[in-house]
Protein chains: 2
Amino acid sequence: MIKVVRAIERLPKRERQQQLARLIEDNPFMTDRELNRRLKVSIQTIRLDRLELGIPELRERIKLMAERSYDPVRSLPMHEIIGDIIDLQLDKSGISIFEIREEHVFSRTGIARGHHIFAQANSLAVAVIDDEIALTASADLRFIRSIKLHEKCIAKAYVRSGPGEGSKAKVEVITYVGEEMVFQGHFVVFRSKGE
Amino acid sequence: MIKVVRAIERLPKRERQQQLARLIEDNPFMTDRELNRRLKVSIQTIRLDRLELGIPELRERIKLMAERSYDPVRSLPMHEIIGDIIDLQLDKSGISIFEIREEHVFSRTGIARGHHIFAQANSLAVAVIDDEIALTASADLRFIRSIKLHEKCIAKAYVRSGPGEGSKAKVEVITYVGEEMVFQGHFVVFRSKGE
DNA sequence: GATCATATTATCACCAGGTACTAATCCAGT
DNA sequence: ACTGGATTAGTACCTGGTGATAATATGATC
């Protein structure tokens, strides 16, 4: 039950802790010593602040980063289909939704990396083919405009050639953000019927 | 001169150092303590070995990983590049290696999903462009043959148009498994010149 | 002004995971 | 028997902390 006295004009502690959090946020490699010089408080105060804010020490921070970037599974969450398929009419059409999150963008610009957009479209193009095995044979892509953090990509796939037409299917995928077309891809997908 | 005798019980130095390097390679988070127990030599020997092999201490290794995944300065944010870039001549060419693992294949067939192959090529195509921001504008892909579990994909990128030619660069990426060409992509990459 | 709570600073002991250096020991080959 | 590389041992020291305890500062409240 810690009560904060509100009569004070400047709340050095709160404010300082915010600054501290921000400093560490955008340079996680700062030692407490650097932070204490930066914020003009003793190193002990820095440590108390970290404790209160639940910010681990330098080495732990670094280790966490390293582990995240190392993690062989997380490196691209592409095990399965990228995006949530919300409609699928085999050999006809399909729709999937994929929201751009932090891990999909260039951190400096907030623009989605092309391969995630491709991955959604490719996953859908393969999924829409009603066959035992479906593999992308070739593709022709146009990234119409850059896609940014938190945008929801809606990919629509249309099969342009039926199942009777041999071992190849043509699938067109168009990805929208809202009304806007942001990506277009023409896929040729190999299919190997039954056995 | 010195004759090579191979009647020794313990592993020769050379071999142990290879093992050491391999152990650290595939688990960089190992302390010297763990390594000495693993290799059955004293911790001092481990340290001498690391010294000779030029392998930094645990904390340095971790820090390097974190920095690589963080790096706010460089024009290529490596932290989600697919494949290991082993050679890079900006605006000219680049080579990356990517090994197909369990998580990259269709589990039923052991064949790599197309978007991983694309991701490697796309990452390389973007990385090879020496610019503040580089984004894929369009691409034309051919998946020449299916790529299977554990195959090592070597992608080679060649920039086909120089930096003086406006805001678009053409990059050709060819991916090989051994001598065999397995994928080819023509990328058009937008570049937004720094200044 | 005296008192109380909170905030801040100061010390001290300790820890992991090392480096750097010196010295001892093993072990084989000539 | 002596030599030299490889190995092991031991010590001092380093960074960047944790954890506990105590002293001091700064107000707010009675």
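Not measured: the values here are computed from a predicted model. Letters A, B, ... are given to chains in the order of the sequence lines, protein chains preceding strands, and every chain is numbered from 1.
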### Query
Nearest heavy-atom pair of A:Met65 and B:Ala66: which atoms, and what distance?
CB-CB, 3.8 Å
### Contact residues, residues 27-34 of chain B to DNA chain D [heavy atom, < 4.0 Å]
none
### Shortest non-hydrogen contact from B:Ala127 toward B:Leu88
O-CD2, 4.0 Å
### Of the listed nucleotides C:dT19, D:dT7, D:dG17, the one nearest the side chain of A:Arg47
D:dG17
### Task
May I ask you to check whether over 12 heavy atoms, not counting those of A:Arg145, lie within 6.0 Å of atom CZ?
yes
### Message
Around atom CZ of B:Arg142, are there more than 12 heavy atoms from other residues, nucleotides or ligands closer than 6.0 Å?
### Response
no
### Separation of D:dA6 C1' from B:Arg14 CZ (nearest whole Å)
14 Å
Pull out every protein N or O sitting under 3.5 Å from an N or O of nucleotides 10-13 of chain C, one pair per line with the distance.
none

### Task
Select from B:Thr45 and A:Arg61 the residue whose nearest nucleotide in DNA chain D is closer to the 5' end of that strand.
B:Thr45
### Task
Name the closest nucleotide to the A:Leu48 side chain, picking from C:dG17, D:dT18, C:dT9.
C:dT9
### cation_pi(A:Arg113, A:Phe106) dist<6.0 Å, angle<=45
yes
### Query
To the nearest 0.5 Å, what is the distance between OG1 (B:Thr31) and CG (B:Asn36)?
8.0 Å
### Message
Tell me whether the side-chain N or O atoms of B:Arg59 pair up with the base of C:dG17 as donor and acceptor below 3.5 Å, since no angle test is needed here.
### Response
yes
### Options C:dT19, C:dT8, D:dT18, nucleotide nearest the side-chain atoms of A:Glu57
D:dT18
### Message
Nearest 0.5 Å, please: how far is CD1 in B:Ile147 from NE2 in B:His116?
### Response
12.0 Å
